[in-house]
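Only a predicted model underlies this, so the values are computations on that prediction, with no experimental measurement involved.
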Amino acid sequence: MSDSSAVAELINTEKKERVRKRIDKTRDLALADVLGYIGAYYNRTRRHSPLGGVSSEAFERASM
């Protein structure tokens with residue numbers, strides 16, 4: 001998966017799973033929510049089919 005397609009997948013997933021379900025009061029709160037989602041869920045927990053059904057973090061660990 002190229003870097004640009006990985007970024008596009010992240011943005012699309014974020015929109016579907018988080019942004020459309022939330023309205024944050026400030027830009028700072030929205031940014032904190034997005035960064036928390038990426039760090040706590042998207043990279044560590046969410047399984048990615050292009051990575052063989054494992055999380056990004058698990059894939060990175062297995063590649064070392």
Side-chain angles (χ1 to χ4, degrees):
M1 176 181 285
S2 72
D3 288 344
S4 61
S5 63
V7 171
E9 180 199 355
L10 171 61
I11 291 168
N12 287 330
T13 302
E14 170 73 11
K15 284 180 182 178
K16 289 177 192 171
E17 295 180 359
R18 301 285 300 157
V19 173
R20 292 188 181 146
K21 296 177 183 178
R22 295 182 57 93
I23 298 175
D24 292 300
K25 293 185 180 202
T26 67
R27 184 180 181 111
D28 288 339
L29 289 173
L31 179 60
D33 182 58
V34 169
L35 295 176
Y37 169 84
I38 292 168
Y41 175 71
Y42 191 85
N43 288 334
R44 295 183 182 169
T45 305
R46 187 176 186 279
R47 295 178 181 198
H48 302 273
S49 56
L51 302 179
V54 299
S55 70
S56 298
E57 189 173 86
F59 183 81
E60 287 290 326
R61 278 195 311 264
S63 298
M64 295 181 145

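- Taken to the nearest 0.5 Å, the CG atom of Leu51 stands 12.5 Å off from the CD atom of Glu57.
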Any chance you could lay out the side-chain contact (heavy atoms from CB on, under 4.5 Å) test for Leu29 and Asp33, step after step, and finish with the verdict?
CA-CA 6 Å; Leu29 289 173; Asp33 182 58; over 6 Å; no
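- To the nearest 0.5 Å, atom CZ of residue Arg47 and atom OG of residue Ser55 are 8.5 Å apart.
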